[in-house]
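Nothing fancy with the numbering, it's 1 onward along the sequence. Atoms considered below: every heavy atom in the structure, side chains included; atoms not considered: hydrogens, waters and symmetry mates.
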Amino acid sequence: MSEINFTASQMRPTPQQCSLQLFPQIGRHVYPYSFSQEDALMKIDLSTHVAGVKLESYLMNASGPKCTTWEELHTIAQSHSSAVVTKSCTIAPREGNPEPRYQDLPLGSIQSMGLPNLGYKAYLEMIPALKALGKPVIVSVSGFSVEDNIEMVTAFQQSDVDLIEVNFSCPNIQGKAQVAYDFEQTDKALAAITALGNKPIGIKLAPYFDMSHFVAAANVIKKYPVKFITCINSIGNTLIIDPYTEQPIIKPKGGFGGLCGDYIKPVGLANVRAFRELLDDNVQIIGVGGIKTGIDAFEYLLAGADAVQIATCFEKEGETCFERIETELAEFMKSKNYQCIADAKGKLKPL
């Protein structure tokens with residue numbers, strides 16, 4: 001793959017470069033400020049709530065990268081991530097898809113991991129120790145059937161976990177359709193899993209592209225006590241080809257995989273905005289997709305996200321990304337005289 005490798009500087013432009021490429025006027029308003037991290041965070045309140053659970057910051061990790069093992073989850077708990085989100089777990093442990101199943105791209109990545117995880121019982125056993133680290137714990141579950149999800153949600157309802165996120169949108173399991181694209185199955189699954197206990201239930205959604213699909217999904221969600229949605233998962237079944245080897249760059253599913261990172265941010269923003277306009281305010285929205293700077297996070301805030309999750313940037317940069325993005329967000333909000341998340345949330349201005 002050496003012919004299509006990119007340098008680190010090409011793969012990860014600085015926040016200033018990203019902002020100036022997209023919106024040249026931003027540089028005049030943001031980067032002349034040189035607040036220290038402490039100065040920015042002391043004056044800007046980035047705390048938020050999802051399903052009644054307070055988060056000390058607007059940012060957390062996404063279920064996916066570097067959240068499978070105890071060591072990885074402990075690292076997240078020690079970072080500036082406002083919560084600890086587990087890998088989407090299944091009934092039994094899974095090794096996932098064959099390698100190579102992940103490749104960096106200049107503006108993101110393509111992957112077909114196949115839900116490698118320790119099995120839900122391992123995460124159930126970790127909950128007390130994770131909670132002892134002092135942050136909210138969000139468990140992600142991804143059953144291959146309604147019965148699988150019932151078993152796992154029932155177990156976590158009886159634990160000390162704070163929130164349960166049910167993944168309806170993994171695109172990388174051979175022969176398994178995404179529940180989020182089948183509204184009849186979504187309805188059936190929600191009827192079952194929302195009746196299992198009092199802990200808040202949310203669902204992770206696939207990206208939608210047609211307004212009729214936003215409406216159909218929202219109408220199903222409104223029927224049940226869904227407390228939050230997470231959108232979006234990766235854009236599934238994309239294909240990257242190496243023209244020099246004449247092969248795809250990942251192995252599973254003939255090279256078809258989920259596209260992540262900068263490439264999908266406009267789709268993520270659109271999904272957050274559409275659902276914010278369609279759902280009642282008592283359903284919180286967690287935005288995901290292409291967030292690697294404070295300005296990216298602010299765009300999701302304007303679209304209406306109550307919190308955001310970081311995936312590809314965390315994969316590439318490591319846990320220090322949470323502190324950096326948090327500081328950048330606070331600096332940008334300070335430059336615009338916003339004091340807290342509510343000042344800007346959902347307040348996208350029309351042209």
Is a donor on one side and an acceptor on the other found under 3.5 Å between the side chain of [X] and the backbone of [Y]?
X      : Y      : answer
Gln247 : Tyr244 : no
Lys316 : Ala311 : no
Gln284 : Val50  : no
Ser234 : Gly258 : no
Lys199 : Ser159 : yes
Glu165 : Val139 : no
Tyr120 : Val141 : no
Ser82  : Leu59  : yes

Practice problem: Starting from the C-alpha separation in whole Å, work towards a yes-or-no answer on side chain to side chain donor-acceptor pair (under 3.5 Å) for Ser88 and Ser63. | Solution: CA-CA 6 Å; Ser88 288; Ser63 179; 3.3 Å; yes

Quiz item: Taking atom types as modelled and ignoring hydrogens, do the side chains of Ser169 and Gln178 form a donor-acceptor contact shorter than 3.5 angstrom?
Solution: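 Distance-only check fails for Ser169 and Gln178.
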
Quiz item: Between Thr75 and Glu319, does any side-chain donor sit less than 3.5 Å from a side-chain acceptor?
Solution: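 Per modelled atom types, Thr75 and Glu319 side chains form no pair under 3.5 Å.
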
For a 4.5 angstrom cut-off between non-hydrogen side-chain atoms, does [X] reach [Y]?
X      : Y      : result
Arg276 : Asp281 : yes
Ser212 : Val215 : no
Leu196 : Ile150 : yes
Asp45  : Ile341 : no
Ile127 : Val137 : yes
Cys260 : Ile110 : no
Ile221 : Leu279 : yes
Ile241 : Ile249 : no

Shared hydrophobic cluster, [X] / [Y] (ILVMFWY, side-chain heavy atoms < 4.5 Å):
X      : Y      : answer
Val283 : Ile286 : no
Leu118 : Leu130 : yes
Val153 : Ile203 : yes
Leu205 : Met60  : no
Leu73  : Val161 : yes

Starting at [atom1] of [X], measure out to [atom2] of [Y] and round the result to the nearest 0.5 Å.
X      : Y      : atom1 : atom2 : result
Leu55  : Leu163 : CG    : CG    : 7.5 Å
Gln309 : Asn61  : CD    : CG    : 7.0 Å
Ile240 : Thr238 : CD1   : OG1   : 5.5 Å
Leu329 : Asp296 : CG    : CG    : 10.5 Å
Cys340 : Met333 : SG    : CE    : 6.5 Å
Glu151 : Lys121 : CD    : NZ    : 6.5 Å

Practice problem: Output, in order, the C-alpha distance, side-chain angles, deciding distance and verdict of salt bridge (Lys or Arg N to Asp or Glu O under 4.0 Å) for Arg324 and Glu317. | Solution: CA-CA 10 Å; Arg324 175 183 60 77; Glu317 186 176 331; 2.8 Å; yes

Practice problem: Apply side chain to side chain donor-acceptor pair (under 3.5 Å) to the pair Asn117 and Thr68, showing each step before the final yes or no. | Solution: CA-CA 6 Å; Asn117 74 95; Thr68 301; over 6 Å; no

Quiz item: Glu277 and Phe214: side chain to side chain contact (heavy atoms under 4.5 Å, CB included), yes or no, with the steps?
Solution: CA-CA 10 Å; Glu277 293 179 338; Phe214 290 121; over 6 Å; no

Practice problem: For Lys345 and Leu302, run side chain to side chain contact (heavy atoms under 4.5 Å, CB included): C-alpha distance rounded to whole Å, both residues' side-chain angles, the deciding distance at 0.1 Å, then the answer. | Solution: CA-CA 5 Å; Lys345 187 170 67 178; Leu302 286 178; over 6 Å; no

Quiz item: Which of parallel (below 30°), tilted (30 to 60°) and perpendicular (above 60°) describes Phe183 and His213?
Solution: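 The rings of Phe183 and His213 sit tilted, inter-plane angle from 30° to 60°.
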
Exercise. Output, in order, the C-alpha distance, side-chain angles, deciding distance and verdict of salt bridge (Lys or Arg N to Asp or Glu O under 4.0 Å) for Glu184 and Lys188.
Key: CA-CA 6 Å; Glu184 183 177 338; Lys188 179 182 177 182; over 6 Å; no

Quiz item: Do Asp343 and Lys336 sit within salt-bridge range, that is, some charged N less than 4.0 Å from a carboxylate O?
Solution: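 Salt bridge: no.
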
Exercise. Look at Lys265 together with Glu299 and state whether they make a salt bridge at an N to O cut-off of under 4.0 Å.
Key: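 Yes, Lys265 and Glu299 are salt-bridged.
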
Exercise. Work out which heavy atom in Gly268 is nearest to a heavy atom in Ile232; give both atom names and the distance.
Key: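 Scanning both residues, the minimum pair turns out to be N-CD1, 3.7 Å.
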
Self-check item: Inter- and intrachain pairs under ring-ring contact (aromatic ring centres under 6.0 Å, His included), touching residues 305-331, at least two apart
Solution: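 Of all non-adjacent pairs touching residues 305-331, those that pass ring-ring contact (aromatic ring centres under 6.0 Å, His included) are Phe314-Phe322.
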
Quiz item: Is there a side chain to side chain donor-acceptor pair (under 3.5 Å) between Lys253 and Asn237 once you walk through the steps?
Solution: CA-CA 9 Å; Lys253 297 173 60 179; Asn237 298 309; 2.8 Å; yes

Quiz prompt | Chi angles and distances behind the side chain to side chain contact (heavy atoms under 4.5 Å, CB included) call for Tyr263, Leu105 | solution = CA-CA 10 Å; Tyr263 304 104; Leu105 298 173; 3.6 Å; yes

Practice problem: Any chance you could lay out the side chain to side chain donor-acceptor pair (under 3.5 Å) test for Asp306 and Tyr58, step after step, and finish with the verdict? | Solution: CA-CA 8 Å; Asp306 295 276; Tyr58 191 62; over 6 Å; no

Self-check item: Step-by-step side chain to side chain contact (heavy atoms under 4.5 Å, CB included) determination, Met113 to Tyr102
Solution: CA-CA 7 Å; Met113 302 302 292; Tyr102 174 95; 4.0 Å; yes

